[in-house]
Amino acid sequence: MVMSAAGDAPITRRRVAILISGRGSNMTALIAGARAPGYPAEIALVLASRADAGGLALAEAAGIPVATVASSAFKGDRAGFEQAMQAVLDAHAIELVALAGFMRILTPGFVAAWQGRMLNIHPSLLPAFPGLDTHARAIAGGAKLHGCTVHLVSPGVDEGPILAQVAVPVLAGDTEASLAARVLEQEHRIYPAALAWVAAGRRTPPEAEGALANPLPRDDWLPKSR
Ligand code: GAR
C-alpha cells in the first residue's frame, strides 16, 4: 500500500504480471510507468514463454521477479502450458495480466479465467490487421492511418473490448521499420495509461494526450474488487 497525494486515501496497488515472448520494450514502458507515485499497480512478475526472451534480462536488471514457462516444453498441450503459467501467476498472487509481445494463442478457458483482468497491446488500429506483420500489411494495403490498440482480451486472437487507441500517419516512403518505430513510440505511451485505468477500476478513460479511449464496456469486464 502506498500513500497518494496529501490527504487522499491510500492507494492499493494491484499486482500485475507482464507476459512476454521477446525483447520487452512495452514491458520496460510498463515497469517505468508503474514507478510513478500513486500508480495503482505494481509489476510483481515478468513471465516469459521463452527462456531466450530478451526482456527477461531487462526485467531482472529492473529488480522485477522473473519466471519462464517455456511453451516449447508443452508442444501440442496448450492446456498444460497454461496450467503451468497459472501456477506461477498464483504463486505470485497476480491480480492483473498485461500481455506485452506475448506471442502464444491462449485457450478460451484461460481467457475466461482472466476476463476483465487481462490486457493486450497490438500494433494496429483493431479491428484492422489482427495477427502478424501489421505494419507491412498496412503499407501494402495503402492505409494512410495506422496505430496501436490496448484492449481487454477475449477468446479471439487480438479481439476484445477496445480500451484505447492512438493513430499515426503512414508517410510516403515509410518502410515497415520506420512505421513500426512510429507506432511503438505510441504503444509505450498508451499501455501504462490504460493499465493504470483498469487497475484503478475507473470507468472513465485515462488522460493520455492524443489517445482515443472508450469507456469500459460492462461491469463484468471490470476487475473484481478485493
Ligand atoms: C509490440 O509491437 C506489440 O504490440 C506486438 O509485439 C511487439 C512486442 O514488442 N504484439 C503483438 O503483435 C500481439 N498481437 P516488445 O516486446 O518490444 O514490447
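As the structure lists them, so they are numbered: ligands from 1, and atoms in each ligand from 1. Values below: all heavy atoms of this structure, side chains included; hydrogens, waters and symmetry mates excluded. Values in this document were obtained by computation on a predicted structure and should not be read as measured data.
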Under 3.5 Å side-chain donor-acceptor pair for Thr149 and Gln165
yes
Checking heavy atoms under 4.0 Å, the part of Asp158 that sits near ligand 1 is side chain
ask   = Are Ser71 and Ser49 linked by a side-chain donor-acceptor pair shorter than 3.5 Å?
value = no
the protein heavy atom lying closest to atom 10 (N) of ligand 1 turns out to be Ile121 O, 3.6 Å
min-distance protein heavy atom vs atom 6 (O) of ligand 1 -> Gly101 CA, 3.8 Å
Polar contact flag, side-chain donor to acceptor under 3.5 angstrom, Ser25-His188
yes
Classify the ring geometry between Phe81 and Phe74 as parallel (under 30°), tilted (30 to 60°) or perpendicular (over 60°). tilted
Of all protein heavy atoms, the one nearest atom 11 (C) of ligand 1 is Pro123 CD, 3.6 Å
the protein heavy atom lying closest to atom 16 (O) of ligand 1 turns out to be Gly24 N, 2.9 Å
Ligand 1 to Ser25, heavy atom cutoff 4.0 Å, flagged ligand atoms 15 (P), 16 (O), 17 (O), 18 (O)
Correct closest heavy-atom pair for Arg182 and Leu171 would be NH2-CD1, 3.3 Å
- Item | Sub-4.0 Å heavy-atom contact, Ile20 with ligand 1 | no
Here the pair of heavy atoms bringing Arg137 nearest to Pro130 is NH1-O, 2.8 Å
A student comparing Glu187, Met27, His122, Arg23 should find that the heavy atom closest to atom 4 (O) of ligand 1 comes from Glu187
task = Please check if any side-chain donor atom of Trp114 sits under 3.5 Å from a side-chain acceptor atom of Gln86, or the reverse.
result = yes
Near Asn26 (heavy-atom distance under 4.0 Å), the atoms of ligand 1 are 1 (C), 15 (P), 17 (O), 18 (O)
